Chemist: 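One structure coming up, written as structure tokens, with questions to follow.
The structure displayed is predicted, hence computed values, not measured ones.
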Amino acid sequence: MNFYTKFLKGFFLAFLGLYTYTLAQSPTDELMMPKQEICFLGYYEYGQFDEYWEGSLLRTNGTIATVQRRTALLMAAYGLTPKLNLYAGLPYVSTNSTLPNGGKFAGTQGFQDYSIGLKYQFFQRKTEENEFSAFASLNFSNRASDYLSDYQPYSLGLGTFQLAWRGILHYKLKNGFYARGSGAFVWKGYTKAEREFYYNDGSYFTPWMDVPNSWNYEAVLGKWFKGNLLRVELSYMGQRSTSGDDIRAYNAPQPTNRVNMDRLGFFAHYYFPKVKGLGVLASFNQVIRGKNAPKMNSLGTGITYQFGL
């Protein structure tokens, strides 16, 4: 395995560690499904990167050129009560690069991690001029197929249990402008690598790697237009690992690395007035700063449909 390939063998771990659903009626926003109503989301996202941070040093991809990632997501949100929602999601992922390293490495595809979550609205205050609300959510995810978590940068996911506790605050003005902030602690378990030894500030003779936990946070500014038919958002999202090591020079990245990153995003969701419950959405995200992370940009589009049971 050559020098550049070793550097790149693991960078999607950084992206996957940050990835959270930031779409319509999700565990990370302020929208709540009415009781006994359900909303389905079909979403497609394309992401790529040709640069990455080795520790804090930004490098250009070597032999594998631009790494590409495609995700098709099916997600559902259901109103158990007016203040308690249930969520479930399952993404299908395919990966490749524009130059497959002389045929030595191929991309892969398959189901990534299923997720199940709950969101509860525990406070709401409305006046004629504004509205303030607070939420808490809990989200669990785990692998949905037997993919190789150590096959990087083409691996489908982290290959470990994840549990995210999140708090959300939302403030909306009468004219449709709003602000939202959230913070989450994401607990991550162990992943089994396809090797019997690794180094993490010391030698470990085991295939089991401890994936660092992280703090994830988001700040959003948005506005409703056209009588609440169009929602537009600008967002900042960040991740800070609570432990982990840096990628060592001339060595491959691995799940034990500390992954920090900052990402800017745009999101829009339009609801068709003449077709009740139908909507379309689009998003764009760009990682602007990182540590042991890919400089990823992604573009997505999707469709939503909501109805009562």
Side-chain angles (χ1 to χ4, degrees), residues 10 12-23 25-33 41 43 71 73-81 83-93 110-122 134-150 152 155-169 180-193 200 206-219 237-245 254-261 263 292-293:
F12 269 128
L13 289 174
F15 172 65
L16 293 167
L18 180 65
Y19 185 80
T20 54
Y21 299 131
T22 55
L23 307 171
Q25 289 94 354
S26 78
T28 67
D29 65 22
E30 81 287 354
L31 299 181
M32 296 294 292
M33 295 295 300
L41 164 70
Y43 183 73
T71 302
L73 169 68
L74 180 63
M75 184 178 176
Y78 178 70
L80 296 171
T81 75
K83 292 184 179 295
L84 181 63
N85 283 186
L86 173 67
Y87 301 87
L90 180 63
Y92 187 89
V93 177
F111 288 104
Q112 190 211 51
D113 299 345
Y114 67 85
S115 65
I116 302 173
L118 291 170
K119 182 171 66 177
Y120 180 69
Q121 183 185 58
F122 62 87
F135 309 81
S137 71
L138 180 65
N139 196 74
F140 170 80
S141 65
N142 192 23
R143 64 166 63 204
S145 63
D146 191 25
Y147 60 81
L148 302 178
S149 62
D150 199 32
Q152 302 296 334
S155 178
L156 303 182
L158 289 169
T160 182
F161 296 96
Q162 296 189 55
L163 191 62
W165 294 268
R166 177 175 283 102
I168 307 165
L169 298 176
R180 183 176 70 247
S182 67
F185 178 76
V186 185
W187 175 87
K188 302 168 187 176
Y190 287 81
T191 188
K192 188 176 183 179
N200 173 20
T206 174
W208 291 99
M209 294 182 171
D210 187 5
V211 182
N213 303 327
S214 68
W215 288 98
N216 293 11
Y217 43 88
E218 183 183 34
M237 181 179 292
Q239 172 178 302
R240 296 295 182 270
S241 294
T242 60
S243 62
D245 58 342
Q254 58 190 28
T256 62
N257 293 147
R258 177 186 298 271
V259 177
N260 298 338
M261 65 170 67
R263 190 182 78 180
N292 305 308

Chemist: Checking T160 side chain against G189 main chain: does a donor-acceptor pair fall under 3.5 Å?
Modeler: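 Flag set: sc T160 to bb G189 pair under 3.5 Å.
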
Chemist: Between the side chain of S145 and the main-chain N/O of F111, is any donor-acceptor distance below 3.5 Å?
Modeler: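 Here the side-chain-to-backbone pair exists.
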
Chemist: Of all heavy-atom pairs between D113 and P91, which one has the smallest distance, and what is that distance?
Modeler: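 Reported closest heavy-atom pair: O-CD, 3.1 Å.
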
Chemist: Decide yes or no on side-chain contact (heavy atoms from CB on, under 4.5 Å) for N200 and Q254, but give the supporting numbers first.
Modeler: CA-CA 9 Å; N200 173 20; Q254 58 190 28; 4.1 Å; yes

Chemist: So how far is it from Y43 OH to L73 CG, rounded to the nearest 0.5 Å?
Modeler: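 These two atoms lie 8.5 Å from each other.
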
Chemist: What's the shortest heavy-atom distance between L158 and T191, and which atoms?
Modeler: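 Scanning both residues completely, I find the closest heavy atoms to be O-OG1, 2.9 Å.
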
Chemist: Okay, side chain of T256, backbone of D210: is any donor-acceptor separation there less than 3.5 Å?
Modeler: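 Answer holds: no.
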
Chemist: Looking at V259 and A293, what are the two nearest heavy atoms and their distance?
Modeler: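 It is CG1-CB, 4.4 Å.
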
Chemist: How many angstroms lie between CZ in F135 and CZ in F122, if you round to the nearest 0.5 Å?
Modeler: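 Answer for the CZ-CZ pair, F135 versus F122, is 9.0 Å.
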
Chemist: Partners of R143 by salt bridge (Lys or Arg N to Asp or Glu O under 4.0 Å), sequence neighbours excluded?
Modeler: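 With sequence neighbours excluded, R143 shows a salt bridge (Lys or Arg N to Asp or Glu O under 4.0 Å) to D146, given in chain and number order.
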
Chemist: With sequence neighbours left out, what residues match S243 under side chain to side chain contact (heavy atoms under 4.5 Å, CB included)?
Modeler: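 P212.
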
Chemist: Examine distances only and state if a side-chain atom of N216 and a backbone atom of A184 form a donor-acceptor pair shorter than 3.5 Å.
Modeler: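 It does not hold such a pair.
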
Chemist: Any chance you could measure R180, atom CZ, to E30, atom CD, to the nearest 0.5 Å?
Modeler: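 These two atoms lie 5.0 Å from each other.
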
Chemist: Kindly indicate, with the supporting measurements, whether the criterion side-chain contact (heavy atoms from CB on, under 4.5 Å) is fulfilled by N292 and N260.
Modeler: CA-CA 7 Å; N292 305 308; N260 298 338; over 6 Å; no

Chemist: Do the rings of F140 and F161 sit parallel, tilted or perpendicular, given the 30° and 60° boundaries?
Modeler: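 Ring orientation, 0 to 90° scale: tilted.
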
Chemist: Does K83, at its NZ atom, have more than 12 non-hydrogen atoms belonging to other residues, nucleotides or ligands within less than 6.0 Å?
Modeler: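 Check passes, neighbour count above 12.
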
Chemist: Would you say Y217 has more than 12 foreign heavy atoms packed within less than 6.0 Å of its OH?
Modeler: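 Yes, because the 6.0 Å sphere around OH of Y217 holds more than 12 heavy atoms from other groups.
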
Chemist: Measure from the side-chain N and O atoms of N85 to the backbone N and O of M33, and report whether any donor-acceptor pair falls under 3.5 Å.
Modeler: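 Yes, N85 side chain to M33 backbone: donor-acceptor pair under 3.5 Å.
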
Chemist: State the OG-CG distance between S26 and N139, to the nearest 0.5 angstrom.
Modeler: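 Going from the OG atom of S26 to the CG atom of N139 covers 9.5 Å.
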
Chemist: Would you check, one step at a time, whether the test side-chain contact (heavy atoms from CB on, under 4.5 Å) holds for L118 with L80?
Modeler: CA-CA 10 Å; L118 291 170; L80 296 171; 4.1 Å; yes

Chemist: Got a second to check how far M261's CE is from Q239's CD, nearest 0.5 Å?
Modeler: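 It is 6.0 Å, given to the nearest 0.5 Å.
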
Chemist: For G159 and Y147, which heavy atoms make the closest approach, and how far apart are they?
Modeler: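 For G159 and Y147, the tightest heavy-atom pair comes out as N-OH, 2.8 Å.
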
Chemist: Any chance you could measure R263, atom CZ, to E218, atom CD, to the nearest 0.5 Å?
Modeler: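 Spacing of CZ (R263) from CD (E218) equals 8.0 Å.
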
Chemist: If you look at every heavy atom in P27 and K119, which pair is closest and at what distance?
Modeler: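 Heavy atoms of P27 and K119 come nearest at O-CD, 4.0 Å.
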
Chemist: Please determine whether side-chain contact (heavy atoms from CB on, under 4.5 Å) holds for the pair Y87 and M75, giving the CA-CA distance in whole Å, both sets of side-chain angles, and the decisive distance to 0.1 Å.
Modeler: CA-CA 7 Å; Y87 301 87; M75 184 178 176; 3.9 Å; yes

Chemist: Search all heavy atoms of A144 against all heavy atoms of L90 and return the closest pair with its distance.
Modeler: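 Residues A144 and L90, closest heavy atoms: CB-CD1, 3.7 Å.
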
